[in-house]
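As structure tokens, the structure follows; a few thoughts come after it.
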Number of protein chains: 2
Amino acid sequence: MKAYKIPEATVMRLSIYSRYLHQLMEEEIDTIASGDIARGVGVSSAQVRKDLAYFGEFGTRGVGYKVEELYSHLMKILGLDKRWSVILVGAGKLGSALALYHGFLDRGFHICTVLDIDEKLIGTKLNGVIIENVDVMNARIIENNIEIGLVTVPALSAQNVTDRLVESGVSGILNFTPRVLKVPNHIILRNVDLSVNLELLSFNLGYHYKR
Amino acid sequence: MKAYKIPEATVMRLSIYSRYLHQLMEEEIDTIASGDIARGVGVSSAQVRKDLAYFGEFGTRGVGYKVEELYSHLMKILGLDKRWSVILVGAGKLGSALALYHGFLDRGFHICTVLDIDEKLIGTKLNGVIIENVDVMNARIIENNIEIGLVTVPALSAQNVTDRLVESGVSGILNFTPRVLKVPNHIILRNVDLSVNLELLSFNLGYHYKR
DNA sequence: AATTGTTTACGAATAATTTCACAAAAGGTA
DNA sequence: TACCTTTTGTGAAATTATTCGTAAACAATT
């Protein structure tokens, strides 16, 4: 274990492993070998061990891993042993879809503030949270200790909203718009493209390599 | 150009490039260099050229690429020059979120059938499409020429729904459940995890490599 | 206590992807 | 026409990620 730079693919897989381990816990299985995890999530056993090796030694030779123990290690590594406060900016189709989706809360991401500029939306509730005017952004971020912002506004407002999120002090931003956003170095930015997966599927269905 | 196996990362980037080119078309820019695309989407110019090189020679040395021309090449490569008929199985929180999201239709993916087993949902409309009982799956897939299925049911039903989709003749499946699904070799399967991006963010925010 | 069968951890080997660097092609200019 | 500038296309090099192969560790059994 040396752990300087962890490959993104490794982190993604850890997230997958953790979900699989959770499933095993429900099935009351308490020990598992890398090969079983591998089969369970569709990678190689060497991959599983290599991924884990970035962070330490969690297993017992000849035995495997204690499910609960490994699970909590992974959750800790992923930063999911705490509750994250999240602000959602843009309560349109995509934004409200995300707000309604339970998968985030299940993993500790609590959308505690939802903002928009549309007067028709402001004041209505989304999954129990009142949609407010973007003007209150700074106040809400500070009072709720919000660290993560989800940007689901129209492309043209994306950079503006992002700048305001940064000024207000969030540390991470998940950008759902198809725009490249500029943020200072200390801010973690990730871009999400919902339809890219469908397009990958479309490519694989259609592209039967000419030549 | 040899193009046997195209890296997945390349296909993802093509999708990004295509969106950026579309933006350029709206701005009525008609020629662009790889370096500009690169800056626009946040990769290196060599990367852009390498990615394109898998599929042919689209540019003019000393000049760059004709925006519209490259755009339509990319859309063709990605299989987005046609309309895809899509079936959505599972009209719960996540399913309805996806059905309401416009981004899919914008890229040619038309969700023309939505199924569920919940009597309370069946008969109601989602984005203009009536939710029907899963019993009609086979009929709808055939009559609408559906090739792609989105699985947004609870984890426990996922494999069952998948099997039925395969039997009914879809060629591609996008799995939104946290389960590893088994499909025959000729079926293209992709797994999507909505919260994995948030978790990657969480990891990057939290993990300041001990040792 | 010795033996056997597993399974991890990890360095080494291999494979895949990205970046580099430059010749070749095109357009513009004199 | 010759020359200059720009930018592509692409092998080669560098980097990054994955797989392989095996020693070491452990449990179970005799």
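Each chain gets a letter, A, B and so on, in the order the sequences are listed, and its residues count up from 1. Note that these values count all heavy atoms, side chains included, but never hydrogens, waters or copies made by symmetry.
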Practice prompt. Classify the angle between the aromatic ring planes of F203(A) and F55(B) as parallel (below 30°), tilted (30 to 60°) or perpendicular (above 60°).
Written response: perpendicular

Fill in: Whole angstrom value for the distance that separates C1' of dA17(D) from CE of M12(A)
14 Å

Worksheet entry | S202(A) (side chain) donor-acceptor with L78(B) (main chain) under 3.5 angstrom | yes

Practice prompt. Please examine the side chains of Y65(B) and T60(B), heavy atoms only from C-beta on, and report whether any two atoms are closer than 4.5 Å.
Written response: no

Item to complete: Let me see the working for L21(B) and I32(B) under side chain to side chain contact (heavy atoms under 4.5 Å, CB included), right down to the final yes or no.
Response: CA-CA 9 Å; L21(B) 290 169; I32(B) 192 159; 4.2 Å; yes

Worksheet item: Just how far, in rounded Å, is C1' of dG11(D) from CD of E57(B)?
Response: 14 Å

Worksheet entry | Nucleotide dA9(C), atom C1' - distance to OH of Y54(A) in whole Å | 14 Å

Practice prompt. Inspect the surroundings of CG in L100(A) and state if more than 12 heavy atoms from other residues, nucleotides or ligands are less than 6.0 Å away.
Written response: yes

Fill in: 5' priority, DNA chain D, between D51(A) and A46(B) [closest heavy atom]
A46(B)

Item to complete: Compute whether any side-chain donor of one residue and acceptor of the other, for R164(A) and S168(A), lie under 3.5 angstrom apart.
Response: no

Response to the item:
Here the distance between atom P of dA16(C) and atom NZ of K5(B), to the nearest Å, is 7 Å

Discussion item. So if I take residues 60-71 of chain B and measure heavy-atom distances to DNA chain C, which residues fall below 4.0 Å?
Written reply: T60(B), R61(B), V63(B)

Worksheet item: Between R49(B) and dG9(D), does any side-chain N or O lie under 4.0 Å from OP1 or OP2?
Response: no

Response to the item:
To the nearest angstrom, the CZ-C1' distance between F55(B) and dT8(D) comes to 18 Å

Worksheet entry | Atom pair distance, as rounded to whole Å: CZ in F58(A) and C1' in dC10(C) | 15 Å

Item to complete: Look at atom CD of E68(B) and say whether more than 12 heavy atoms of other residues, nucleotides or ligands are closer to it than 6.0 Å.
Response: no

Worksheet item: Which residues within residues 24-34 of chain A lie with some heavy atom under 4.0 Å of an atom in DNA chain C?
Response: A33(A), S34(A)

Response to the item:
Here the residues of residues 14-23 of chain A within 4.0 Å heavy-atom distance, strictly under, of DNA chain C are none

Worksheet item: Do H22(B) and Y71(B) have ring centroids that are under 6.0 Å from one another?
Response: yes

Worksheet item: Can you tell me how far P of dA16(C) sits from NZ of K50(A), to the nearest Å?
Response: 17 Å

Item to complete: Go through the steps to decide whether E147(A) and R83(A) satisfy the test salt bridge (Lys or Arg N to Asp or Glu O under 4.0 Å), and finish with yes or no.
Response: CA-CA 11 Å; E147(A) 289 171 278; R83(A) 200 174 113 123; over 6 Å; no

Item to complete: Take atom CG of L126(A) as the centre, draw a 6.0 Å sphere, and report whether it contains more than 12 heavy atoms from other residues, nucleotides or ligands.
Response: yes

Worksheet item: Within the distance-only criterion (no hydrogens, no angle test), does the side chain of T162(A) pair as donor or acceptor with the backbone N or O of A158(A) below 3.5 angstrom?
Response: yes

Response to the item:
D36(A) atom CG is separated from dT6(C) atom P, nearest whole Å, by 13 Å

Fill in: side-chain N/O Q47(A) vs dT19(D) OP1/OP2, d < 4.0 Å
yes

